[in-house]
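Lettering of chains follows the sequences in order, A, B, ..., and the numbering in each one begins at 1. The shown structure was predicted, so the numbers you read here are calculated from the model rather than taken from an experiment.
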There are 2 protein chains.
Amino acid sequence: MSCHIMKDVNTYESDSDGLLYDPRVRAAMTQFTDTDNDLLTFEAGAAVRTANLAVERMRAHGSQGRGASAGALDLLIRLNGSEHGISIGELARTAGVSSRNATGLVDTLEHDGLVRRVPDPKDRRSVLAEITPAGRAWMKAFRKPSQLAMRAMFHGFAPEELVVLRDLCLRLAANQHRLADRLRQTGQQP
Amino acid sequence: MSCHIMKDVNTYESDSDGLLYDPRVRAAMTQFTDTDNDLLTFEAGAAVRTANLAVERMRAHGSQGRGASAGALDLLIRLNGSEHGISIGELARTAGVSSRNATGLVDTLEHDGLVRRVPDPKDRRSVLAEITPAGRAWMKAFRKPSQLAMRAMFHGFAPEELVVLRDLCLRLAANQHRLADRLRQTGQQP
DNA sequence: GGCAAATCTGGAAGCACGTACTAATGTCGT
DNA sequence: ACGACATTAGTACGTGCTTCCAGATTTGCC
């Protein structure tokens, strides 16, 4: 391992319990927090962001710029698992983005021929997005590489650890949803 | 709790061990994976993304559009914890972004008066970014609200859970870095 | 001294995401 | 039946992030 490679390796360190932390983040956050627990929350938040960037980067590499941004891919996977079309609004709600954004993501997928729009017979205001045969073929082609990539990303993780990571992340998201709801109710929106 | 509120609550469910999962993600990913472990990796990856979105949203709300995007805020926090300036290149390397991107983030902070550029006396090619008194005042003003927000986000999390979340996320990021290094070495870059 | 590499940034472009608004449609109460 | 109000997707616009390309200048190595 040459010095050039050493220089690029992340300098995460292990704490007394053998768990990773980023000393640079810790140094920066320590001055922004009052208690040890506050520091832990900031570090965890920063770590979530770091992990997300890592997943995004692996995704970007794996799809080779094939119009498969994270958001669009999520929609495509969702549509692939449905035997009928899904409305733009429903896609937006379940993805937790604005309908305008869902419109844009579907635009992208439609432009690439992976998805098409069809009228919703039950509501003339609404449009259903459905996956095309080309979209299903795309999903099929990327199934195995995607699995290999995720296996490599989570190399060294026990199944229980994957489950715990999922739970912790979803609890965080649930907390944020509750907070947003509360703020909306008390009219504290800016 | 009215039905309107019920309708907006996320439909995460608990598995047999009492840990959260998203049934919609599971339904979509099940058709994209071959083994249970693969499903766990995909679910964990999706959960990381969901958690990151949650943190971003809380951040956007807390800063009230005050020029504090996630990337810029990270740099500001970093500079606040340093008694001397830091070069654009160093900021870029430690943030894991390109120097062009770091340049843009510093542009934003400089435009808001929170950061200034000064020449690096040791290297005339280089520019140091340092936090301004206004930047330190900004940090001071947002310290308490930030802490309260993170406490609320991580409400119900034990300290050990925060540490585990941090470790799992950083292990994921470390895996990605190793993979990227390996790809770079074997020349498999696209 | 010569040259390759490093440094930052101007300029441009693409993409994700959000807000405000509009035309069309659907729902509900009178 | 009618009017008020809500919902739907998309237009127009803006911001931020990120990448690419190129250029001027500086630094370090042979």
Side-chain angles (χ1 to χ4, degrees), chain A residues 4 7 49 52-53 56-57 59-61 63-76 85-93 95-112 115-129 180 189-190, chain B residues 4 7-8 49 52-57 59-61 63-76 85-93 95-112 115-129 189-190:
Chain A
H4 169 72
K7 196 149 137 204
R49 180 144 182 269
N52 184 63
L53 283 174
E56 302 280 89
R57 285 197 175 124
R59 241 179 189 161
H61 177 262
S63 68
Q64 322 232 347
R66 295 284 308 273
S69 70
L73 183 58
D74 282 350
L75 289 200
L76 191 61
I86 303 177
S87 74
I88 305 286
E90 178 62 22
L91 288 173
R93 272 185 298 278
V97 299
S98 68
S99 70
R100 182 58 189 86
N101 192 19
T103 295
L105 294 176
V106 170
D107 285 346
T108 299
L109 291 170
E110 192 176 32
H111 179 264
D112 294 334
V115 160
R116 68 186 155 222
R117 283 175 165 87
V118 297
D120 182 348
K122 295 192 221 150
D123 182 343
R124 284 191 292 179
R125 297 168 299 181
S126 181
V127 171
L128 302 180
Q189 274 291 57
Chain B
H4 169 68
K7 195 148 136 204
D8 289 344
R49 178 144 187 271
N52 184 63
L53 285 173
V55 173
E56 304 280 87
R57 287 199 175 121
R59 243 179 188 157
H61 176 262
S63 68
Q64 324 235 338
R66 293 284 307 278
S69 69
L73 184 57
D74 282 349
L75 290 199
L76 192 61
I86 302 177
S87 74
I88 306 285
E90 178 63 21
L91 288 174
R93 273 185 297 276
V97 298
S98 68
S99 70
R100 186 61 188 83
N101 192 12
T103 294
L105 294 175
V106 170
D107 285 345
T108 298
L109 292 170
E110 193 176 31
H111 179 263
D112 293 334
V115 159
R116 68 186 157 226
R117 284 176 163 85
V118 297
D120 182 348
K122 296 190 218 151
D123 182 342
R124 282 191 292 178
R125 296 169 300 182
S126 182
V127 171
L128 302 181
Q189 275 288 57

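- Sorted by first and then second residue, the salt bridge (Lys or Arg N to Asp or Glu O under 4.0 Å) pairs involving residues 95-105 of chain B (not counting sequence neighbours) form an empty list.
- No hydrogens or angles were tested; on distance alone, nothing pairs the side chain of R125(A) with the base of dT8(D) as donor and acceptor under 3.5 Å.
- Among the heavy atoms of the strands lying under 4.0 Å from S98(B) is at least one base atom, whether or not backbone atoms are also near.
- As a whole-Å value, the separation of L105(B) CG from dC8(C) P is 14 Å.
- Atom CG in L75(B) sits roughly 9 Å away from atom P in dC17(D) (whole-Å rounding).
- One distance of note links CG of L105(B) with CG of L76(B); it measures 11.0 Å at 0.5 Å rounding.
- As a whole-Å value, the separation of D107(A) CG from dC17(C) P is 13 Å.
- Once rounded to the nearest 0.5 Å, the distance linking CG of L91(A) with OG1 of T103(A) reads 9.5 Å.
- Counting to the nearest Å, the C1' atom of dC8(C) and the CG atom of L128(B) are 12 Å from each other.
- Atom CG of D120(B) and atom C1' of dT25(D) are 14 Å apart (whole Å).
- The separation between H111(A) atom NE2 and dA16(C) atom P is 12 Å, rounded to whole Å.
- G89(A) comes within contact range of the sugar-phosphate backbone alone, with a heavy-atom separation under 4.0 Å but no base atom that close.
- Between D123(A) and N101(B), the residue anchored closer to the 5' end of DNA chain D is D123(A), taking for each the nucleotide with the nearest heavy atom.
- If you take CG of L91(B) and C1' of dT9(C), they are 15 Å apart, rounded to a whole angstrom.
- Of all the heavy atoms in P121(B) and L128(B), the pair that sits closest is CD-CD1, 4.3 Å.
- Checking dC17(D), dG10(D), dT8(D) against every side-chain atom of S126(A), the shortest atom distance belongs to dT8(D).
- Atoms CD (E56(B)) and C1' (dC17(C)) sit 11 Å apart, rounded to a whole Å.
- The side chain of R124(A) contributes an N or O atom lying less than 4.0 Å from OP1 or OP2 of dG26(C).
- Across dT18(D), dT9(C), dG10(D), the shortest atom-to-atom separation from the side chain of T103(A) is found for dG10(D).
- Across all strands shown, G104(A) has no heavy atoms under 4.0 Å from either base or sugar-phosphate atoms.
- Look at S99(B) and you won't find any side-chain N or O under 4.0 angstrom from OP1 or OP2 of dT9(C).
- A salt bridge links R125(B) with D123(B); the closest basic N to acidic carboxylate O contact falls under 4.0 Å.
- At the heavy-atom level, R49(B) lies under 4.0 Å from the strands shown only through sugar-phosphate atoms.
- The residue among R93(B) and R100(B) whose nearest nucleotide of DNA chain C lies closer to the 5′ end is R93(B).
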